[in-house]
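All remarks here apply to the structure that follows.
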Amino acid sequence: MTDAAKLRQKAEDQLKNQQSFKKTTLTEQELIKIIQELEIYQVELEMQNDELVTAKEKAELAEEKYSELYDFAPSGYISLTKDGRIVELNFVAARMLGTERSKIINKNFALFLPRNTLSDFNLFLKNIYTLQVKQTCELIIETEGNLPMYVTIDGIVSRNKEICLLTLIDITKRKVTENLLIEAKERAEESDRLKSAFLANMSHEIRTPMNGILGFAELLKEPKLNGEKQKKYIGIIEKSGALMLNTINNLIDISRIEAHLMKVEMRNSNINEQIEYIHTFFEPEANAKKIDLSFINSLPSHEAIIKTDREKVYAILTNLVKNAIKYSNKGSITFGYVKKGNELEFFVRDTGIGIPKDRQEVIFERFIQADNDNIKTVQGAGLGLAITKAFLEMLEGKIWVESEEGIGSTFYFTLPYNVDPEVKKLAEIVVSNVGPLNQVNPITPNLKILIAEDDEISGKLISIYLEEFCNVVFKATTGNDAVEICRTNPDLDLILMDIQMPGLNGYESTMQIRQFNKDVIIIAQTAFSLKGDQEKAITCGCNDYISKPINKAKLHSLIQKYFKQCFN
Ligand code: ADP
């Protein structure tokens, strides 16, 4: 019952008493008036009461709204004491700190920050209280099991100056994007720097031999030049041409690797034969520097046939042996392999200048030498080892170096020992019945050779290269002629087949010849720069290939491989 109702009740009770006992101090009129006034008073009180109820309801609603806003705001809100203790926080902040609200209350906010940022945070907190204006900072929140979160934090002190309120906004996405952009920019700058250095180095690599070729060709014109000088100048021109060709071949390889155009052709290859071939090829170059070049084949030939990409293994060994000679001025170079478990471990050991410890890893990176200050002291574009490493990755092998400055280097690489069981069985039968596997061809001391070549100068060059160990040379300038000569001379031993010829090209001619003559050895002469030439030549029936410009020693080694007796 309200107060007004109680008063009214009291007045009415008094009136009733007065009527029943007939003794009163107030007249009836007066009492009625009081009652009327009381009624008005009661109405007023009730109205006030309604207003109070409405105001209370409004206040409750506002509080609810505020709680909702506080709890579900897009930002995190945390109230901290001066020493960083968490007094209150909303759901978003709790989520940012990676656990429930109840578990965070009273913990120190610093627990969620990396150690190295604590001093920044402490200064930020101190400034909020001392300067009493809004402070802002960026921090990383680290919580167990979660990725680090980048946050912007605004902080203000409360009215009573006892608490400060922090507003946290998650800026991880922005930060990650920013970091990616910075990384991309740095990478672009780095690659631009390497590209410029690489171009400068390439220019050096091409201009230097070009200088030799043009300069000494000019000197050769001198009419009074004696024979000895002539020979010397021609030697320099030859060497410069070979250097330039090597640079160009490396460039083509690296661009094919970068463009993912380099394919792997797995075939059965005799590793011993490859090692012997490389030894024969490089021996004169090593001897010219008075370096002893030797090899160790640790498996018998019939066990040395593995399934791999022969050309890539050849390129890898060539690069390493070439470098060993290039970076040695004395002593010896030994190369070979040993079988270790399911792998063959190859080595190329030299007693050359060695490699400083801090460069032993970077030398395998492409273009890296272009960025090296020492570049001008040695010949080379710094691509050989990058190509070697890329080839080994394609063949599931790995490469490393052990080296000491002034003592020498040993480059190691591995290849899986993939042996085709059929080949192994066959090889064992051949070994027990016929003799060593590498004597696959009949002994042919004086070869009958066909040179298929439409370019007159190239044809002449090959016939000069071959004249010392052939008795009959046929020449064809078209593919059709080549097929015809081969048909009418079934005892031909060897065909040097150009690929780009008028009429039937080298591939088509080889395919036609293979229909009636499976025995003749066909070596394709391919323009190395044309993608897929080599692979295609083998697929069409050629036994081997040699890239143009043709290197005499390489051609001889190739012929020796198929007709060993010619060189005895
Ligand atoms: P380059 O064309 O410069 O020889 P490579 O990629 O083949 O390029 O080699 C990279 C660098 O590694 C060389 O410039 C040289 O400094 C070093 N290097 C490679 N092989 C040897 C070695 N056998 N002895 C000493 N240094 C070597």
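Heavy atoms only: backbone and side chains are in, while hydrogens, waters and symmetry mates are out. All ligand and atom numbering here is 1-based and tracks the order in the structure.
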Hey, is F364 one of the residues with a heavy atom under 4.0 angstrom from ligand 1? no
Which part of L385 is near ligand 1, with near meaning a heavy atom under 4.0 Å away: side chain, backbone, both or neither? both
I'd like to check whether I355 has a polar contact with ligand 1, where a contact means an N/O of the residue lying under 3.5 Å from an N/O of the ligand. no
Answer yes or no: does atom CE of M210 have more than 12 heavy-atom neighbours from other residues, nucleotides or ligands under 6.0 Å? no
Does G352 reach ligand 1, in the sense of a heavy atom lying below 4.0 Å from it? no
With respect to atom 11 (C) of ligand 1, which of I363, I387, V321, D350 exhibits the smallest heavy-atom separation? I363
If the cut-off is 4.0 Å to any non-hydrogen atom of R359, which atoms of ligand 1 fall inside it? 16 (O)
Of all residues at least two apart in sequence or in a different chain, which pass the side chain to side chain contact (heavy atoms under 4.5 Å, CB included) check with I538? R267, Y545
Evaluate the criterion salt bridge (charged side-chain N to carboxylate O under 4.0 Å, His left out) for residue pair E178 and R174; output intermediate values, then yes/no. CA-CA 6 Å; E178 241 174 60; R174 195 190 85 199; 3.4 Å; yes
Atoms of ligand 1 less than 4.0 Å from L383 heavy atoms? 6 (O), 8 (O)
Numbering the atoms of ligand 1 from 1, which are under 4.0 Å from a heavy atom of K326? 1 (P), 2 (O), 4 (O)
Which residues satisfy the salt bridge (charged side-chain N to carboxylate O under 4.0 Å, His left out) test with E285, sequence neighbours excluded? none
With a 6.0 Å cut-off on the ring centroids, do Y314 and Y277 count as close? yes
Counting the benzene-type ring for Trp, do F347 and Y412 have ring centres under 6.0 Å apart? no
